[in-house]
Amino acid sequence: MNMKKLFISIALLALASGALSAQERKLPAPDMDRAAAGIMDALNARRSVREYSSRELSEQEIADLLWAAQGKNREDGRMTSPTARNRQEIRLYLFTADGVSLYDHDNHSLHRVAEGDYRDLIAGPQAFAKTAPLSLLMVADFEKYGSDSDHARMMVYCDAGIVSQNISLYCAAVGLCTVPRGIMNVEGLSNLLGLGEKQIPVLNNPVGYPKE
């Protein structure tokens, strides 16, 4: 490779790196002083709710919700939601009216993967789910887990359930409402997110304030 081609290659790599960085949205640090109910109160308050206010969540509220669901809570990279063999194989996507983003728990940031409102894919045949200002989607990544055996599937689905439960308890603690759901347009979501055969949408949680 001559020097001219080398400089062109370096420049293209730099541009590509900059474009990827531009897609990352750093989130506010979790608000550890947020007034929240104790765990017993949160468990007592937990309900499956299917009606939501149109009130939007603030950036801080979204940041706290994502951290509660699957945030990094130790310096070694482990999370608020445990995973079998610490595989951390559950991808967490945020769906809002203006786009879809992938949550990066290690950097507590969002990476935009699609522009536009795709909450109808989360809702599927249940239109109520699209009325929530946002939805969180859990995708099981069996490639990252390293196996898709029957036992692996059981463990990975349990891990997704733990993330969903974190979401439910957090919502109950701070006055938000949600419902865990397995219904969604799996094929449409897989196409939108560019998922492979070993990445499967498993659960979703619409989240919002109670309907007034």
Side-chain angles (χ1 to χ4, degrees), residues 12 15-25 27 50 52 54 56-57 62 65-66 69-71 79 81 83-84 87-150 152-168 178-208:
L12 289 172
L15 286 171
S17 176
L20 288 173
S21 298
Q23 293 296 313
E24 180 178 7
R25 182 171 111 226
L27 292 165
R50 294 172 175 81
Y52 310 96
S54 60
E56 298 287 338
L57 277 69
I62 292 173
L65 172 65
L66 291 166
Q70 199 186 40
M79 305 181 298
S81 55
T83 59
R87 292 297 189 186
Q88 300 186 2
E89 78 287 355
I90 305 301
R91 299 185 188 183
L92 186 62
Y93 290 88
L94 171 70
F95 282 67
T96 65
D98 64 353
V100 182
S101 299
L102 175 64
Y103 179 54
D104 176 358
H105 82 273
D106 198 46
N107 295 303
H108 192 54
S109 61
L110 288 169
H111 295 265
R112 184 61 66 110
V113 297
E115 300 291 340
D117 188 355
Y118 293 95
R119 289 174 297 166
D120 59 322
L121 296 179
I122 294 288
Q126 296 182 332
F128 79 84
K130 190 176 178 179
T131 66
L134 67 86
S135 284
L136 297 180
L137 171 67
M138 285 131 275
V139 171
D141 188 343
F142 289 97
E143 187 171 355
K144 187 171 183 180
Y145 189 80
S147 173
D148 60 355
S149 67
D150 288 345
R153 286 179 176 274
M154 178 183 70
M155 298 308 299
V156 171
Y157 294 151
C158 285
D159 291 345
I162 292 170
V163 177
S164 180
Q165 181 74 329
N166 278 14
I167 295 167
S168 292
T178 187
V179 56
R181 302 174 65 249
I183 294 175
M184 65 194 96
N185 184 338
V186 172
E187 182 178 357
L189 288 167
S190 297
N191 290 335
L192 172 68
L193 303 175
L195 303 180
E197 292 182 357
K198 293 190 176 181
Q199 289 92 42
I200 302 174
V202 177
L203 291 171
N204 64 80
N205 280 68
V207 176

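None of the values given here were measured: they were computed from a predicted structure.
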*Side chain Gln88, main chain His105, donor-acceptor under 3.5 Å*: no
*So with a 6.0 Å cut-off around CG of Asp150, is the heavy-atom count from everything else above 12?*
no
*First locate atom CG of Leu92, then atom CG of Asp104, and finally report the distance between them rounded to the nearest 0.5 Å.*
11.0 Å
*Yes or no on side chain to side chain donor-acceptor pair (under 3.5 Å) for Arg112 and Ser101, after CA distance, side-chain angles and deciding distance?*
CA-CA 4 Å; Arg112 184 61 66 110; Ser101 299; 3.3 Å; yes
*Around atom CD of Glu143, are there more than 12 heavy atoms of other residues, nucleotides or ligands at under 6.0 Å?*
no
*Hey, what's the ring geometry for Phe128 with Tyr52, parallel, tilted or perpendicular (30° and 60° as the breaks)?*
parallel
*Say you draw a straight line from CG of Asp141 to CG of Asp148; how long is it, rounded to the nearest 0.5 Å?*
11.0 Å
*Nearest heavy-atom pair of Arg87 and Thr83: which atoms, and what distance?*
N-OG1, 3.3 Å
*Can you tell me if Arg91 uses its side chain to pair, donor with acceptor, with the backbone of Leu102 under 3.5 Å?*
no
_Least distance between heavy atoms, Asn205 atom then Ser168 atom_ = ND2-OG, 3.8 Å
_Let me confirm one number: the NE2-OH distance from His111 to Tyr103, rounded to the nearest 0.5 Å._
10.5 Å
*Distance in Å, Ser149 OG paired with Met154 CE, rounded so as to fall on 0.5 Å steps*: 9.0 Å
*About how many Å separate OG of Ser190 and CE of Met184, when rounded to the nearest 0.5 Å?*
9.5 Å
*asked:* If you apply the rule side-chain contact (heavy atoms from CB on, under 4.5 Å), what do you find for Val100 with Leu137, and how did you get there?
replied: CA-CA 10 Å; Val100 182; Leu137 171 67; over 6 Å; no
*Look at the side chain of Thr178 and the backbone N and O of Pro206, then say whether any donor-acceptor pair between them is shorter than 3.5 Å.*
yes
_One pair to check against side-chain contact (heavy atoms from CB on, under 4.5 Å): Leu189 and Val139. What are the steps and the verdict?_
CA-CA 10 Å; Leu189 288 167; Val139 171; over 6 Å; no
*Least distance between heavy atoms, Val163 atom then Ala69 atom*: CG1-O, 3.7 Å
*Do the side chain of Thr131 and the main chain of Ala127 share a donor and acceptor less than 3.5 angstrom apart?*
no
*Minimal non-hydrogen separation, Ala84 against Tyr145, with atom names*: CB-OH, 3.8 Å
*Enter the distance from Ile90:CD1 to Asp159:CG here, rounded to the nearest 0.5 Å.*
5.5 Å
*Look at the side chain of Asn204 and the backbone N and O of Ser135, then say whether any donor-acceptor pair between them is shorter than 3.5 Å.*
no
*Kindly indicate, with the supporting measurements, whether the criterion side-chain contact (heavy atoms from CB on, under 4.5 Å) is fulfilled by Val156 and Ile200.*
CA-CA 11 Å; Val156 171; Ile200 302 174; over 6 Å; no
*Hey, does the side chain of Arg181 reach the backbone of Ala123 with a donor-acceptor pair shorter than 3.5 angstrom?*
yes
*Which atom names give the shortest non-hydrogen contact between Ala114 and Leu192, and what distance separates them?*
CB-CD1, 3.8 Å
*asked:* Looking at every heavy atom in both Ala160 and Val202, which two are closest together, and how far apart are they?
replied: CB-CG1, 4.1 Å
*Quick one: are Met79 and Ile162 in side-chain contact, heavy atoms under 4.5 Å?*
no
